[in-house]
A.B. asks: 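Attaching a single structure in structure tokens format; questions to follow.
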Amino acid sequence: MKTGFKNILHILIILIFNNFLAQLNAQNLSENKVVNDTVRTADTLRIQREQLDDIVRTKADSERTDFHNNMKMTYLNKNAQVRYQDMQIDADYIRIDWSRNEIYARGEVDSTGRIIGTAVATQGGKPYEYRDFQYNFKTRQAIAYNARTEESEGVIVAQKTKKYNDSVFFMRRGLYTTDEYFLAKKDSLADYHLLAPNIKLIKGRQSSQVVTGPIQMYVEQVPTPLILPFAILPFSDKRSAGILIPSFGERQDVGFFFNNFGYYQPIGEHFDLKIMADFYTKGSWNLRPQMNYIKKYRYSGNFAADIGSTIRGIQGLDDYSKTNTYSLSWTHSQDTKANPLLNFSASVNLVSSQFYNNTINNNYIFNQNVLNSQQNSSISVTKRFLTLPITITGSARYAQNFATGQSDMRLPELNVAVNQFYLFKPKTGVRQGLLENITVNTGFNVNNFVTTNEGEIFTDAMWKKMQTGLKNNIALGTNTTIAKYFTFSLGANIDNALTTKTLTKSYNPITNKVDNITDNNISGYSTFSTNTSLQTTLYGTKIFKAGSKIQGIRHMVTPSIGFTYSPDFGKPSFGYFNNYYDAVGALTPYSIFEGGIIGSPTSGMVGAVNFNIGNNLEMKVASKNDSTGVKKIKIFESLNISGNYNFAAPNHRWSLITLNGQSSFFDNKLSLNSSLTIDPYQILFLPDENRNFRTENFGHFSIQGFNLQLSYPLSEAIFGEKEELSEKYKMKGEIRNENYYFDDDYYARFHQPWTLNINANYAYTRTQTQFGNKVASVGLDGSIALTPYWNINGSTHYDIMTKELAYTRIGISRDQRSFTINFNWVPFGQYKVYDFFIGIKANILSDALKYEDRSFTQPNAPF
């Protein structure tokens, strides 16, 4: 059987081999037949194909064509130019070898024969510069030396470039830079460049791409340790996907880290997505996705999140801690022209209560987010109508209080406002008298409100505590002029409210506390009040004699007096108030709507006369700096005194008296705001107790509150006009490509703009304490440009009461042409961090070429 099988294989091999030989023999016979037939056909004429697809056009100051040994050569000297199809070559010297279809071009040479100029080849409207190159216009291939190619924001300069076709270029020892001075040929050396031994340039109709082998960064021709195994640079006006280069380092508390590693992905025409992550060897991590969207002339927005876990210390030891944090944000804005009748906007910021306290991102410290005591979020939709005089607004609001850990939610809230209208139409077209000037403002609001903590959000416990309320307000008002100088106003206000929860209070002798019990039933109230006022304006002017420094003083007084009336809604007949017995058995009234979503009505009749006196005091002084010869100085922009006397009150008929003042000095640079609250009744304090009670002894005016705020912005412009350097200094030049003017001693002269804002605040509140509380602080923030490219900025606050520096930040920035250097430092307070950054400005490299060094917040950690 084995022998038979071998014989069968031999026979098959022989047959296959013979078949192959037969095919070769048949092919040769066919070729010979074609040759013989061609020879026998004597009248066949073969037309030679044109060597070129188009006309080659040349011009130069000197042109010569030679024929030698069946070779045709054309030489072009000085201002030489060759045009063929979409290619144009401009050079100092061009040689054309017609037999080989080759063009050689070079730039201008000096006396030693060294090429010092460039040749320019323009193809498809894009120029390419070379020292010298060879081009085959038949194959469209080329070899060039010292080629310079501009792509997108940068330029590539290669020692040797080989063009395979119109789309593919191979380069040897090429550098890439985005230095604008090098691009503009203001500098022969770039301030930085990337150097690669091999580069492949792939060109497309709408985009190009560079792919390199190992690539190294040089700064001022000095090599840096920044080396990448490869690089892919997409040159396109369109967005392109790619990896975001991370930074790395070490932290004592969380170990080695790998920060800002991520990926960028465009999604269609209107969306893009960026996902970044941080990893730490001791277990901490952060994930930060971000999506942007935009539709021109319609809307734009952003989704972002920061989710992570921070682990500090060693598990099992006292310093170990693990905190899970999150931050979610969404912003949306609509173009005002997109739809004037319908508008949608959103500003959502949801963070965990420990997010800022445990953040490992220094940006939250430098932008002072860590100082936030509250975070607010809102979403709103507003609808207007062409034919209906109403505006409907639907919204959802969320407020987080980091100090208490509580959150307030209004979800949803609906407000319908009716545009103001006149109740009676005038007969003559001109409104006169009280009746024709009656205006009506009305609307209603539906609100769902709850106060909850982070763990109860959207749980049954939250829904049980949620209150629903509806409130309607009707405001009537009218005014008229009496005796030409007095304005008389009359108004009425009506409130109607409904709610789903009311309150019952009772004293608990076991706990010695007052228990608040929420009743789930629908209840409501209605209140109304009326008011009237009379107002006028008085002027007092004092003119001084001619030649006086002070030429005049004007005092404007705006007094107004009014009367307000509302009934006592605390009467049992209204049913808005109940009573409970406190710890000493005293009957204590309370409103069943107290602390509710719709507020509560007032108790006690109000029949009060209120007054307000507004003052404005100005003077004119002689001034040589003003074109009119006089200058107006505001002593008091406003000084208001207000209070009221309630005839219907059983005691303490006089209210607190309030004074508010505002003024500015030094050409409105120094701004001053103040307020003062005075109690006209005597206040006595019980001995050895921090309690007081207000007596009926009128005339003992005591300060209950005082606030003074001062701000003064300073700058170099305040102390003199900005001098024109071009008029004062005639010499102008550059130092490291920075433009300066120079004086006669060759010192550089330039503007050094600076700003310094001074803020001071003093506040005193007495309330229920005998000695009161005081707050006093001084704040400074400003900047100075040491040179046109160096800037220092910072801010600080000093607490006068504690004699300690509060939040302080120092920042230094340097514009280094192609890249920027930034340093920020917070040396005091709870968050003591620094951040050092160097990064390329060009968009194509801003996420790839950067260096960051930073410290991180650690509890009680020294610098």
Side-chain angles (χ1 to χ4, degrees), residues 362-363 365-368 371 623 625-626 631 633-634 663-673 708-762 776-800 804-829 831-839 841:
N362 287 355
N363 292 331
I365 300 174
F366 292 126
N367 62 22
Q368 301 188 37
L371 303 180
S623 175
N625 298 325
D626 197 287
K631 181 180 180 181
I633 297 176
K634 296 180 180 180
S663 189
S664 59
F665 306 95
F666 307 112
D667 295 329
N668 298 325
K669 297 297 187 301
L670 175 63
S671 177
L672 189 147
N673 293 276
L708 178 65
Q709 295 179 341
L710 181 146
S711 64
Y712 194 94
L714 300 174
S715 66
E716 85 287 353
I718 296 178
F719 298 94
E721 296 182 359
K722 183 178 178 181
E723 60 179 355
E724 292 295 335
L725 298 177
S726 59
E727 298 178 359
K728 189 173 182 179
Y729 306 104
K730 302 303 180 183
M731 289 187 294
K732 184 179 180 182
E734 292 187 353
I735 299 178
R736 292 179 57 81
N737 301 303
E738 298 176 0
N739 295 316
Y740 294 97
Y741 286 93
F742 295 89
D743 59 17
D744 295 336
D745 297 323
Y746 300 101
Y747 284 100
R749 299 292 181 177
F750 48 86
H751 291 298
Q752 290 182 295
W754 60 270
T755 61
L756 179 63
N757 299 315
I758 304 174
N759 301 284
N761 178 61
Y762 176 81
S777 64
V778 177
L780 301 174
D781 66 89
S783 66
I784 180 172
L786 298 179
T787 73
Y789 302 91
W790 276 103
N791 183 273
I792 298 177
N793 58 83
S795 63
T796 186
H797 293 83
Y798 179 75
D799 192 324
I800 299 176
E804 293 180 353
L805 281 173
Y807 179 85
T808 300
R809 182 189 65 82
I810 300 173
I812 301 174
S813 62
R814 165 67 179 176
D815 186 344
Q816 193 70 21
R817 267 173 45 185
S818 300
F819 51 90
T820 57
I821 303 173
N822 294 310
F823 175 74
N824 286 284
W825 182 28
V826 177
F828 307 107
Y831 304 100
K832 297 184 292 184
V833 296
Y834 71 84
D835 195 298
F836 179 72
F837 173 82
I838 301 177
K841 290 182 184 178

A.B. asks: Using 0.5 Å steps for rounding, measure from the OG atom of Ser664 to the CG atom of Asn673.
C.D. replies: 9.5 Å
A.B. asks: Kindly compute the distance separating OH (Tyr712) from CG (Leu670), expressed to the nearest 0.5 Å.
C.D. replies: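 Rounded to the nearest 0.5 Å, the OH-CG separation comes to 6.5 Å.
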A.B. asks: Are Ile758 and Leu714 packed together at the side-chain level, in the sense that at least one heavy-atom pair is separated by less than 4.5 angstrom?
C.D. replies: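 Yes, at least one pair of side-chain atoms sits under 4.5 Å.
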A.B. asks: Testing the basics here: between Phe742 and Tyr729, what is the closest heavy-atom pair and its distance to 0.1 Å?
C.D. replies: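 Phe742 and Tyr729 have their closest heavy atoms at O-CB, 3.6 Å.
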A.B. asks: At their closest point, which heavy atom of Asp743 faces which heavy atom of Tyr747, and how far apart are they?
C.D. replies: OD1-N, 2.7 Å
A.B. asks: To check you understand the geometry: which heavy-atom pair defines the closest contact between Gln752 and Leu786, and what is its length?
C.D. replies: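 Reported closest heavy-atom pair: NE2-O, 2.8 Å.
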A.B. asks: Quick one: OG on Ser671 to CG on Leu710, what's the gap to the nearest 0.5 Å?
C.D. replies: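 The OG atom of Ser671 sits 7.5 Å away from the CG atom of Leu710.
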A.B. asks: Could you walk me through whether Ile812 and Trp790 pass side chain to side chain contact (heavy atoms under 4.5 Å, CB included), step by step?
C.D. replies: CA-CA 8 Å; Ile812 301 174; Trp790 276 103; 3.7 Å; yes
A.B. asks: What distance separates Phe823 CZ from Ile810 CD1, expressed to the nearest 0.5 Å?
C.D. replies: 8.0 Å
A.B. asks: Kindly indicate whether the side chain of Ile800, heavy atoms from C-beta on, has any atom under 4.5 Å from the side chain of Tyr762.
C.D. replies: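 Side chain of Ile800 against side chain of Tyr762, heavy atoms only: no contact under 4.5 Å found.
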A.B. asks: With side chain to side chain donor-acceptor pair (under 3.5 Å) as the test, would you mind laying out the steps for Asn793 and Arg809 before giving the verdict?
C.D. replies: CA-CA 8 Å; Asn793 58 83; Arg809 182 189 65 82; 3.0 Å; yes
A.B. asks: Look up atom CG in Asn791 and atom OG in Ser813, then write down how far apart they are to the nearest 0.5 Å.
C.D. replies: 4.0 Å
A.B. asks: For the side chain to side chain contact (heavy atoms under 4.5 Å, CB included) test, which of Pro713, Ser711, Ser715 pairs with Asn757?
C.D. replies: Pro713
A.B. asks: Which pair of heavy atoms, one from Arg814 and one from Tyr789, lies closest together, and at what distance?
C.D. replies: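 Of all heavy-atom pairs spanning Arg814 and Tyr789, the closest is NH1-CB, 3.2 Å.
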A.B. asks: Any heavy-atom pair between the side chains of Asn759 and Asp781 that's under 4.5 Å?
C.D. replies: yes
A.B. asks: Are Leu708 and Leu672 packed together at the side-chain level, in the sense that at least one heavy-atom pair is separated by less than 4.5 angstrom?
C.D. replies: yes
A.B. asks: For Asp799 and Ala776, work out which heavy atoms get closest and say how close.
C.D. replies: OD1-O, 3.4 Å
A.B. asks: Atom OG1 of Thr808 and atom CH2 of Trp825: how far apart are they, to the nearest 0.5 Å?
C.D. replies: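 So the OG1 of Thr808 and the CH2 of Trp825 are separated by 10.0 Å.
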